[in-house]
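Working notes, structure below.
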Amino acid sequence: MTTAGPVTTASVVRVQPRRRGSRRPSAWHLVLLPVALIMLAPLIWMLVTSVSTLAESRHFPPRLPSSIHWENYREALTAAPFGRWLVNSTVVSAACVLSNLVFCSLAAYAFARMRFRGSNVAFVLMLATLMVPFQVVMIPTLLVMKDLHLVDSLAALALPNLATPFGVFLLRQFFLSMPQDIEEAAKVDGAGRLRTLFQIVLPLMGPPLATLSVLTFLNVWNDFLWPLIVIQTPSHMTLQLGLASLQGDHLTKYPLLMAASLMSQLPVLLAFLLAQRFFIRSIATSGIK
């Protein structure tokens with residue numbers, strides 16, 4: 001049995017951290033930078049208008065405000081039930097997100113893992129509904145809400161969006177891309193379909209679930225047409241419908257409207273920034289190119 005000799009200074013290998021090369025701007029930056037500025041221009045001008053006076057917002061040609069008027073935001077909160085509209089949009093959006101995560105996961109797992117007669121036909125028919133515009137089905141949907149006595153209620157806003165065909169398609173693609181070894185091992189241990197789905201499969205599907213949550217949230221939060229049809233009482237309005245009511249027939253206070261619009265888009269921007277990396281991971285791993 002041999003023993004190692006004393007460690008000398010010469011025998012120590014120091015591992016130096018690898019320096020990353022500086023990223024040099026490419027020719028694509030010359031194209032993407034102006035495009036990014038064009039995309040940000042409406043948001044920047046919305047911010048500028050929200051801190052201007054009414055006379056400055058109607059000046060032509062447009063110019064920057066002489067001073068910043070933060071009181072427009074306070075007046076926008078008090079001139080209309082902005083808080084109530086915010087709560088309504090939050091409740092409806094949260095209900096639709098949670099229901100889509102549950103129902104779309106169940107349907108997608110059934111289409112991906114369970115083989116039954118007519119499964120492919122049912123899946124194709126479900127996808128075919130994506131080609132039907134909402135304007136075609138909005139009157140029949142309104143009649144269904146009327147028969148259920150749900151007109152002019154928050155339930156009428158959430159019920160048509162409890163599950164979406166796109167959500168089923170998105171999650172089904174991820175289920176098909178996942179190996180079935182873990183599911184088969186859980187089946188051997190006595191786990192049923194639902195237990196395997198909720199305790200084993202879904203915890204591994206963070207990116208697609210986050211992507212579906214953000215897409216559903218954006219769709220419901222920015223929806224205007226369906227609330228316009230089914231909602232009549234101002235206290236049941238969502239943010240988008242409430243913002244439209246701030247526009248007058250003869251005079252519109254654009255600084256107040258822009259301040260309220262900017263505040264209504266802050267949750268959308270925050271949700272997108274938090275889930276931006278999940279979009280890239282979900283598209284890269286799902287096979288949807």
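Only heavy atoms go into these numbers, but all of them, side chains included; no hydrogens, no water, no symmetry mates.
- The backbone N or O of L86 sits nowhere less than 3.5 Å from a side-chain atom of S89 that would complete a donor-acceptor pair.
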Trace of the side-chain contact (heavy atoms from CB on, under 4.5 Å) decision for C96 with T164: CA-CA 10 Å; C96 292; T164 57; over 6 Å; no
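- With a 4.5 Å cut-off on side-chain heavy atoms, L54 and P255 count as touching.
- Residue T216 holds its OG1 atom at 9.0 Å from CZ of F166, rounded to the nearest 0.5 Å.
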Verdict with supporting geometry, L43 and L47, side-chain contact (heavy atoms from CB on, under 4.5 Å): CA-CA 6 Å; L43 186 62; L47 176 61; over 6 Å; no
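- Listed for the W85 side chain is no donor-acceptor partner under 3.5 Å among the backbone atoms of L241.
- Residues satisfying the side-chain contact (heavy atoms from CB on, under 4.5 Å) test with A76, not counting sequence neighbours, are A259, A260, M263.
- Of the possible donor and acceptor atoms, none in the side chain of S93 sits under 3.5 Å from a partner among the backbone N and O of T90.
- Placement of L204 and L197 within a single hydrophobic cluster is found when ILVMFWY residues are connected by side-chain heavy-atom separations under 4.5 Å, directly or transitively.
- At distances below 3.5 Å, not a single donor-acceptor pair connects side-chain atoms of N100 with backbone N or O atoms of L212.
- Aromatic ring pairs are classed by plane angle as parallel below 30°, tilted from 30° to 60° and perpendicular above 60°; the pair Y109 and F175 is perpendicular.
- For the atom pair OG of S105 and CG of L194, the computed distance is 11.5 Å after rounding to the nearest 0.5 Å.
- To the nearest 0.5 angstrom, N222 atom CG is 8.0 Å from F217 atom CZ.
- When the shell of 6.0 Å around CD1 of I182 is examined, it contains 12 or fewer heavy atoms from other residues, nucleotides or ligands.
- Evaluated for a side chain to side chain contact (heavy atoms under 4.5 Å, CB included) with L150, the options L154, L148, D152 yield exactly one hit, L148.
- Shown here is R115, whose CZ atom has more than 12 heavy atoms of other residues, nucleotides or ligands within 6.0 Å.
- A donor-acceptor pair under 3.5 Å is absent between the side-chain atoms of H149 and the main chain of V151, judged by distance alone.
- Counting only N and O atoms by type, the side chains of D223 and T238 include no donor and acceptor under 3.5 Å apart.
- Looking at heavy atoms from C-beta onward, F169 lies in side-chain contact with F123 at the 4.5 angstrom threshold.
- A donor-acceptor contact shorter than 3.5 Å links the side chain of E56 to the backbone of T53.
- In this structure, the separation between CE on M39 and CG on L32 is 12.0 Å, given to the nearest 0.5 Å.
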